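Just so you know, these numbers use all the heavy atoms, side chains as well, and skip hydrogens, waters and symmetry mates. Quantities reported herein were computed from a predicted structural model and do not represent experimental measurements.
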Amino acid sequence: MSLVRKSTIVRAKFTALKATFRVLERAAPNVGGALALRLWCTPRHARPAAAGTPGTRRRITVHGGEVLTETWGEGPTVYLAHGWGGHRGQLAGLVDPLVAAGYRVVAFDALSHGESGPGALGPDRSTLPEFAAALTAVVAESGPAHGIVAHSMGGTAAALAVLDGVRASRLALVAPVAEPIGQTAEFAKALGFGERVHAAMLRRLRRLAGRPLTDFDIPARAAGRADLPPLLVVHDVKDREVAHANGAAIAESWPGARLVTTEGLGHRRVLADQDVLRAVIGFVTAHEPAAAR
């Protein structure tokens with residue numbers, strides 16, 4: 001199928017979906033909320049790729065599903081967490097330098113991502129709490145975290161896990177989402193549904209999360225905390241998927257955080273940029289004392 005033909009079909013499906021939401025907004029907002037939540041929890045998946053030099057693979061059980069982990073090297077452990085719709089191979093550029101610096105590296109695919117099994121919602125669907133639960137379980141299984149490096153929604157999950165009690169000496173977030181629930185308003189606007197469907201979606205999301213949605217507001221929860229690890233945030237000003245304001249908000253609220261702003265790398269190329277990799281590795285491997293936990 002030609003790219004032109006494919007893009008035409010995609011546009012037609014999107015137009016039909018928006019029309020469906022307009023009807024559901026008036027006639028059946030609860031049904032619309034269920035459909036909206038299903039779409040919200042279904043990321044566009046990147047094609048899995050090998051994570052560079054092969055490591056030791058292992059599977060652990062998280063919420064009834066199997067999470068694939070891959071480990072390289074020996075020493076203090078640094079965990080790598082990919083983003084929404086991503087896979088562990090996207091952080092492969094960090095593995096060899098960290099191992100060469102004397103660190104053990106553990107990367108994993110979140111449930112319904114990469115080579116891991118499906119999560120509670122089935123294949124290809126996931127939630128932020130599942131991301132955070134996967135990281136928490138991997139740390140519990142593989143040992144204390146010297147550092148955690150995470151991208152995009154994986155960065156939100158890593159921050160959430162730390163705020164919930166996972167211990168780490170250093171945390172580096174690349175293009176993180178600051179307050180994902182707030183982004184549902186933009187999601188609603190893009191799909192053309194109104195407040196009734198949006199409210200129904202949020203009610204279902206709250207039940208699915210099993211906790212208040214305010215718990216996922218990273219800047220609000222980090223502000224004023226004295227027990228958090230040093231944080232590096234890297235974010236590109238031209239990131240079209242997660243606006244730079246997200247990373248800036250987290251860095252501003254997190255005590256002692258440092259923000260590195262790039263330009264022209266976007267949301268994913270930032271993971272392969274050599275200057276970014278050096279900044280992240282330098283931060284994670286720095287020898288000055290970390291804040292007490």
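Put simply, the side chain of Ile250 reaches to within 4.5 Å of the side chain of Leu231, judged on heavy atoms. Within the 4.5 Å cutoff, no side-chain heavy atoms of Pro129 are placed close to those of Leu160. Counting heavy atoms from C-beta outward, Met153 and Val242 have side chains that stay 4.5 Å or more apart. Side-chain contact between Asn246 and Pro176: absent, with no pair of heavy atoms (C-beta onward) separated by less than 4.5 Å. For the pair Val95 and Leu80, the minimum side-chain heavy-atom distance is below 4.5 Å. Arg88 is not listed as a side-chain neighbour of His113, based on a closest heavy-atom distance of 4.5 Å or more. Under the 4.5 Å side-chain criterion, counting only non-hydrogen atoms from C-beta, Ile218 is in contact with Leu163. With contacts defined as side-chain heavy-atom distances shorter than 4.5 Å, the pair Val162/Ile148 qualifies.
Across all non-hydrogen atoms, the minimal contact from Ser116 to Leu68 is OG-N, 2.8 Å. Residue Pro219 comes nearest to Ala178 through the heavy atom pair CD-O, 3.3 Å, listed as atom of the first residue, atom of the second, then distance. Scanning both residues, Ala81 and Gly154, for their nearest heavy atoms gives CB-O, 4.4 Å. Pairing each heavy atom of Thr42 with each of Trp84, the nearest pair is N-CZ2, 4.3 Å. Taking all atoms of both residues into account, the shortest heavy-atom contact from Pro43 to Arg125 is CD-CA, 4.4 Å. Across Ala251 and Leu259, no two heavy atoms sit closer than the pair CB-CB, 3.8 Å.
A salt bridge is absent between Glu70 and Arg58: the closest approach of a Lys/Arg side-chain nitrogen to an acidic carboxylate oxygen does not fall below 4.0 angstrom. Taking 4.0 Å as the cut-off between side-chain N and carboxylate O, Lys238 and Asp236 do not count as a salt-bridged pair.
Residue Ile281 holds its CD1 atom at 9.0 Å from CZ of Arg278, rounded to the nearest 0.5 Å. Distance check: Gln183 CD to Glu186 CD gives 8.0 Å after rounding to the nearest 0.5 Å. To the nearest 0.5 angstrom, Arg59 atom CZ is 14.0 Å from Glu141 atom CD.
Between the side chains of Thr262 and His235, not a single donor N or O lies within less than 3.5 Å of an accepting N or O. In this model, a donor atom of one side chain and an acceptor atom of the other lie less than 3.5 Å apart for His267 and Asp239. Looking only at atom types and distance, the side chain of Arg203 has a donor-acceptor partner in the side chain of Asn30 under 3.5 Å away.
Relative to the ring axis of Phe283, Arg170 places its NZ or CZ within 45° and under 6.0 Å from the centre. For the pair Arg211 and Phe216, the distance from NZ or CZ to the six-membered ring centre is under 6.0 Å and the angle to the ring normal is within 45 degrees.
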Evaluate side chain to side chain contact (heavy atoms under 4.5 Å, CB included) for Trp254 paired with Leu171, printing each intermediate quantity in order. CA-CA 11 Å; Trp254 196 286; Leu171 180 62; 3.8 Å; yes

Verdict with supporting geometry, Leu232 and Val260, side chain to side chain contact (heavy atoms under 4.5 Å, CB included): CA-CA 7 Å; Leu232 173 70; Val260 172; 3.7 Å; yes

Could you walk me through whether Val234 and Thr261 pass the side chain to side chain contact (heavy atoms under 4.5 Å, CB included) check? CA-CA 6 Å; Val234 181; Thr261 296; over 6 Å; no

Please walk me through it: do Asp227 and Arg167 pass salt bridge (charged side-chain N to carboxylate O under 4.0 Å, His left out)? CA-CA 10 Å; Asp227 59 340; Arg167 293 181 175 273; over 6 Å; no

Derivation and outcome, side chain to side chain contact (heavy atoms under 4.5 Å, CB included), residues Leu271 and Val276: CA-CA 7 Å; Leu271 291 172; Val276 170; over 6 Å; no

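Looking at Ser112, its side chain never comes within 3.5 Å of a backbone N or O of Pro123 through a donor-acceptor pair. When atom types are taken as modelled, the side chain of His198 and the backbone of Arg196 share no donor-acceptor pair closer than 3.5 angstrom. The backbone N or O of Val139 sits nowhere less than 3.5 Å from a side-chain atom of Ser142 that would complete a donor-acceptor pair. Within the 3.5 Å criterion, the main-chain N or O of Val197 finds a donor-acceptor partner in the side chain of Glu25. Proximity of a side-chain donor or acceptor of Gln90 to a complementary backbone N or O of His87 within less than 3.5 Å is detected.
The local environment of CD in Glu179 is crowded, with over 12 non-hydrogen atoms from other residues, nucleotides or ligands closer than 6.0 Å. Sparse packing is recorded around CZ of Arg258, with 12 or fewer heavy atoms of other residues, nucleotides or ligands lying under 6.0 Å away.
No single ILVMFWY cluster, assembled from side-chain heavy atoms under 4.5 Å apart, contains both Val23 and Leu37. Under a hydrophobic-cluster definition in which Ile, Leu, Val, Met, Phe, Trp and Tyr are linked whenever side-chain heavy atoms come within less than 4.5 Å, directly or via other members, Leu39 and Leu121 are assigned to the same cluster. A chain of hydrophobic side-chain contacts below 4.5 Å, direct or via other Ile, Leu, Val, Met, Phe, Trp or Tyr residues, connects Leu205 to Val31.
Taking the six-membered ring where tryptophan is involved, the planes of Phe193 and Phe187 are perpendicular, since the angle between them exceeds 60° and thus also 30°. The aromatic rings of His82 and Phe131 sit perpendicular, their planes meeting at an angle over 60°, well past the 30° parallel limit.
Every residue meeting the side-chain hydrogen bond (donor to acceptor under 3.5 Å, both in side chains) condition with Arg104, not counting sequence neighbours, appears here in chain and number order: Thr77.
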